[in-house]
Amino acid sequence: CCWAVRLILILSFRNSFLQITVITSLNIFLSPQDAICTLNTLQTNASALEQVRRERSNPQLQLNAMRAFLERAGLAVDELDHLNIIHVTGTKGKGSTCAFTEQILRNYGFRTGFYSSPHLVQVRERIRINGQPIGKDLFTKYFWQVYGRLDETKDAHGGTMPAYFRFLTILAFHVFLQEKVDLAVIEVGIGGAYDCTNIIRRPWVCGISSLGIDHTQILGDTIEKIAWQKGGIFKPGVPGFTVRQPEGAMPVLKERAKEIGCPLWVCPQLEDYQPDCGPLHLGLAGQHQRSNASLALQLSHTWLQRRCLPGVNNVYTKILILNTARVTVCLSSGLADAQWPGRTQTLKHGEVTYFLDGAHTMRSMQACVQPHQTATPSLNPGTRVLLFNATGERDSAAMLKLLVTCHFDFAVFCPNITEAIASCNADQQNFNVSVENMLTRCLDNERSWRLHNRLGDDKGTQLLIQDSLPRLPEHRGDTLVFPCILSALQWITQGRDSVLADPAKTTLAVKQSVTAKAAPLREAAEIHVLITGSLHLVGGALKHLDPASSK
């Protein structure tokens, strides 16, 4: 952080108005990067981490703490009622559902707010106004307003500050209120019942996308336990929608809705709709997006009824689900116009084509591999490359087993580190996991791939930044481990992507034996690269492949 940030952090004012005034007056010296550097300190705040550990044993404390932080930031819970919120959770597809919904309502001319996580390249992506990440100047202004109020009151509350995600959630609510959006689409972080977004008391409608097994240490290890958590966003009298669910999940959701008093509907299949303007087209690729699109149609239609129809404003029981024969032009065009980077996204850079898919659960990985399984195996060796990483508690070995069926010529592994050379990249810093742990996980993933491909367990494999990398056998399924995303991409593309060949990008020295391995890549007519296993990996790749995303 620059001197101005350090000055802000050590100043202590008893008068909150004085502190906010000083922070505002120093905005001319503060950059968005300064705000992000300060935001990142909330990742490793010792008291905050200890608080999270305590609250896991008593989840209700999470919501109580969130309300307290909200009030310290100068906001009241009942103010959130004015945001006309659409609240969405799920295991797979909740972000895509939100993206469809937001685009539909924006096409109707409403001013939209959209809060999602995680971000891919810049943290500002999490808080969007009319589909665009909040501007740098506004982000800086609102960040210091909220941070200043919380910092000024921390001494009276045991020195506590909200953790990273909690802070961003509070910031999003503050931004949407200040910017006077017509509605806010809010994506749940993890779970539902005890997620910090669930301080919302009166959403206009809520939705649950497809459920699966994920975040088991927090949500439970069965689909029934996870469904109970997700159903926690239901509110009395507020219409709820869900898609067809795995066996065991739907009975729990129905019982949860009954207990809470939430009228719950299951969305029709997308092919059951009969739009006014011909077949429905989706802006997001993949068969799995069809259920997300149907859920988005019902959420947006229900919101529009309350907003626009006389007598429906405060009477939820009069809400009718979208008839399959009543899809308007605005509804269908919203589905077609929706964009959601990093999820089944394709980028073509000359002879190199990148397929970016942040799949990180078994169900999402199954959807990811389908189009790559059906693709014709390469006739020219070296044309199909997997770039993979997985983090946290996820079963990366099981996901890699699914990917084996895609017949990659190379499997490349790296941590979610954008560049090995230190640079100003605060948006993608993660201080909650050590570099050593990240690299160890990469080596474990590489070993799992070798075992799945019956290549043997080469326990001597080491990172390419070390001097003793053994020469691996030359055959299909060959593996390599790199220290960062940029070095992996540069090796895969072998100078054939002009974006990566930018002289400003530092190139790491690679051993001659490793360079020799890349001969098939240099000779291939085309190179196809699937980047998957982690949204953070996809985001780090996009930072290099799409320079505009960093501006």
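Since this is a predicted model, take the numbers as computed values, not measurements.
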Report the relative orientation of the aromatic rings in Trp265 and Phe241; use parallel for angles under 30°, tilted for 30 to 60°, perpendicular for over 60°.
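Geometry flag for Phe241 against Trp265: parallel rings.
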Aromatic ring pairing His119/Tyr164, orientation class (parallel under 30°, perpendicular over 60°, tilted between)
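Tilted.
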Any chance you could lay out the side-chain contact (heavy atoms from CB on, under 4.5 Å) test for Ile134 and Tyr142, step after step, and finish with the verdict?
CA-CA 10 Å; Ile134 182 174; Tyr142 291 132; 4.0 Å; yes
Given 3.5 Å as the limit, does a donor-acceptor pair link the side chain of [X] with the main chain of [Y], or not?
X	Y	answer
Arg111	Val181	no
Arg149	Arg72	no
Ser549	Asp546	yes
Gln345	Gly342	yes
Arg343	Pro341	yes
His360	Gly358	yes
Ser300	Thr101	no

So which of Leu253, Thr91, Val252 actually passes side chain to side chain contact (heavy atoms under 4.5 Å, CB included) with Gln245?
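The residue from Leu253, Thr91, Val252 that satisfies side chain to side chain contact (heavy atoms under 4.5 Å, CB included) with Gln245 turns out to be Leu253.
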How far apart are the closest heavy atoms of [X] and [Y], and which atoms are they?
X	Y	result
Glu102	Asn130	OE2-C, 3.8 Å
Phe100	Leu335	CE2-O, 3.4 Å
Cys442	Pro415	SG-N, 3.1 Å
Ala367	Lys92	CB-NZ, 3.8 Å
Ser210	Arg363	OG-NH1, 2.5 Å
Pro239	Cys262	C-SG, 4.3 Å

Within 6.0 angstrom of Gln339 CD, more than 12 heavy atoms from elsewhere:
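Not buried by this count: 12 neighbours or fewer within 6.0 Å.
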More than 12 heavy atoms of other residues, nucleotides or ligands under 6.0 Å from CG of Asp137: yes or no?
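It does not: Asp137 CG has 12 such atoms or fewer within range.
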Any [X] side-chain heavy atom under 4.5 Å of [Y] side chain:
X	Y	value
Leu171	Tyr147	no
Asn198	Tyr194	no
Cys330	Ile104	no
Met438	Val435	yes
Trp303	Phe110	yes
Thr242	Leu211	no
Val175	Tyr115	no
Lys136	Gln122	yes

Quick one: do the [X] and [Y] side chains pair a donor with an acceptor below 3.5 Å?
X	Y	answer
Arg106	Gln103	yes
Ser396	Asn445	yes
Asn107	Asp337	yes
Ser291	Ser294	no
Thr302	Arg307	no
Thr391	Arg441	no

Roughly how far, to the nearest 0.5 Å, is the [atom2] atom of [Y] from the [atom1] atom of [X]?
X	Y	atom1	atom2	answer
Thr140	Gln33	OG1	CD	10.0 Å
Leu168	Arg126	CG	CZ	5.5 Å
Ile208	Ile233	CD1	CD1	5.0 Å
Asp151	Thr153	CG	OG1	8.0 Å
Phe143	Ile127	CZ	CD1	10.5 Å
Ile199	Leu70	CD1	CG	4.5 Å

Please, which pairs that meet salt bridge (Lys or Arg N to Asp or Glu O under 4.0 Å) have at least one residue in residues 224-246, sequence neighbours excluded?
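Pairs touching residues 224-246 that pass the test: Asp221-Lys225.
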I want to know whether Trp340 and Phe114 have ring centres closer than 6.0 Å.
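Yes, the ring of Trp340 comes within the 6.0 Å limit of the ring of Phe114, centre to centre.
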Start with the C-alpha gap between Phe139 and Val123, add the side-chain angles, then the distance that decides, and say whether side-chain contact (heavy atoms from CB on, under 4.5 Å) holds.
CA-CA 10 Å; Phe139 177 85; Val123 70; 3.9 Å; yes
side-chain hydrogen bond (donor to acceptor under 3.5 Å, both in side chains) between Thr112 and Asp182, worked out
CA-CA 6 Å; Thr112 62; Asp182 294 317; over 6 Å; no
Chi angles and distances behind the side-chain contact (heavy atoms from CB on, under 4.5 Å) call for His301, Leu297
CA-CA 6 Å; His301 172 74; Leu297 286 174; 6.0 Å; no
With sequence neighbours excluded, tell me which residues meet side chain to side chain donor-acceptor pair (under 3.5 Å) with Glu187.
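If we apply the side chain to side chain donor-acceptor pair (under 3.5 Å) test to Glu187, skipping adjacent residues, there are no hits.
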Pairing residues for Asp195 by the side chain to side chain donor-acceptor pair (under 3.5 Å) criterion, not counting sequence neighbours:
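Side chain to side chain donor-acceptor pair (under 3.5 Å) list for Asp195, sorted by chain: Thr197.
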So Thr361 and Ser364, side-chain hydrogen bond (donor to acceptor under 3.5 Å, both in side chains) or not? Walk me through it.
CA-CA 5 Å; Thr361 68; Ser364 59; 2.9 Å; yes
Can you tell whether the side chains of Asp78 and Arg201 come within less than 4.0 Å, N to carboxylate O?
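Not counted as a salt bridge, because no side-chain N and carboxylate O are separated by less than 4.0 Å.
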Glu419 and His544: side-chain contact (heavy atoms from CB on, under 4.5 Å), yes or no, with the steps?
CA-CA 10 Å; Glu419 299 172 64; His544 297 298; 3.4 Å; yes
